[in-house]
Protein chains: 2
Amino acid sequence: MNKEKQMKLEASGWKIGSVNEFLELSQEETEFIELKLSLSQNLKERRQSLRLTQKDLARMIHSSQSRVAKMEAGDPAVSIDLLVKSLLALKTSKKEVAGMLPH
Amino acid sequence: MNKEKQMKLEASGWKIGSVNEFLELSQEETEFIELKLSLSQNLKERRQSLRLTQKDLARMIHSSQSRVAKMEAGDPAVSIDLLVKSLLALKTSKKEVAGMLPH
DNA sequence: TGAAAAAATGTCAATTTCGACATATATTCA
DNA sequence: TGAATATATGTCGAAATTGACATTTTTTCA
């Protein structure tokens, strides 16, 4: 990134500093993890409130009970894509999903 | 699904034709695709408004220019995970992300 | 104009995520 | 209780996604 571009970013409130880069990254990673955990927890609550077993949900999304368990456990090796597909399978509305986004 | 929306999806590489003409995409599948396209479009707008090149963003998320291009093009072979990581790298707020969710 | 920068497109080996399976542990409830 | 049901955990080859690279096409702007 050149000097001119860096100045433009900093003028609009960005921090591009050297040490800061490391901190920014970990902050993004933290936010990313928190988002996944929020989706996981909401998925579990939603499934349970619908009185569905993990096996039931697994069938609905053409997956397996073990993968649903891992989703709900917040396993790092589960994508947001699969979490979203699961929530959509449970007819989660746009408004509900919006409410799941962490601060 | 109306014709216009279908043409948008097909233009981005999503397979809506032939087989799905009678094996219609399920509502969930359609919603999933539309979500990804919405995130793609918003990412591109956000990057451009920040006057960043695709190469700039690629560096910020430790990826490559070509992958950023594919993200913004709504390529089906790009995960929501990567789109979200990119949006987080651009400091997209919870409120802004919520606004990206399709109806 | 046209050269430089930016973006788009295609490919590929490496990595990640996948469904499936086996099995252990936990919960339910007659 | 204890058997049936539900959930958690670990593993594996297959499939999907990745960053990187090469190249082409488009856009920018002097």
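Below, chain A is the first sequence line, B the second, and so on; all start at residue 1.
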Legend entry - Contacting residues from residues 38-55 of chain A, given that a heavy atom lies under 4.0 angstrom of DNA chain C: none
Legend entry - Test side-chain hydrogen bond (donor to acceptor under 3.5 Å, both in side chains) applied to B:E96 - qualifying residues, sequence neighbours left out: B:R46, B:S93
Legend entry - Single-linkage hydrophobic cluster, 4.5 Å side-chain cutoff, A:L50 and A:L88 together: yes
Inset, instruction - Compare all side-chain heavy atoms of A:L87 with those of A:L90 and state whether any distance is below 4.5 angstrom. - result: no
Inset, instruction - Can you pull out how bent the helix from C:dT1-D:dA30 to C:dA30-D:dT1 is, comparing the axes over its first five and last five pairs, to 10°? - result: 60°
Legend entry - Heavy atoms of other groups near B:K55 NZ, more than 12 under 6.0 Å: no
Legend entry - Option from B:L43, B:T92, B:V78 for which side-chain contact (heavy atoms from CB on, under 4.5 Å) with B:S86 holds: B:L43
Legend entry - Along DNA chain D, first and last positions that approach a heavy atom of chain B under 4.0 Å: D:dT17 to D:dC21
Inset, instruction - Following the transitive rule for hydrophobic clusters with a side-chain heavy-atom cut-off under 4.5 Å over Ile, Leu, Val, Met, Phe, Trp and Tyr, establish whether A:L35 and A:I33 coincide in one cluster. - result: no
Inset, instruction - Flag the pair B:E72 / B:S40 as yes when at least one side-chain heavy-atom distance between them is below 4.5 Å, and no otherwise. - result: no
Legend entry - Test item: side-chain donor near acceptor, A:E31 and A:Q27, under 3.5 Å: yes
Inset, instruction - Mark yes or no for whether A:S38, through its side chain, and A:M100, through its backbone, hold a donor-acceptor pair below 3.5 Å. - result: yes
Inset, instruction - Would you give a per-nucleotide map of nucleotides 11-28 of chain C, 5' to 3', where B means the base has a protein non-hydrogen atom under 4.0 Å away, S means only the sugar-phosphate does, and - means neither? - result: B-----SBBBB-------
Legend entry - Distance in Å, B:L57 CG paired with B:M71 CE, rounded so as to fall on 0.5 Å steps: 5.5 Å
Legend entry - Heavy-atom side-chain contact between A:E28 and B:K91 under 4.5 Å: yes
Legend entry - side chain to side chain donor-acceptor pair (under 3.5 Å) contacts in which one or both residues fall within residues 73-85 of chain A, not counting sequence neighbours: none
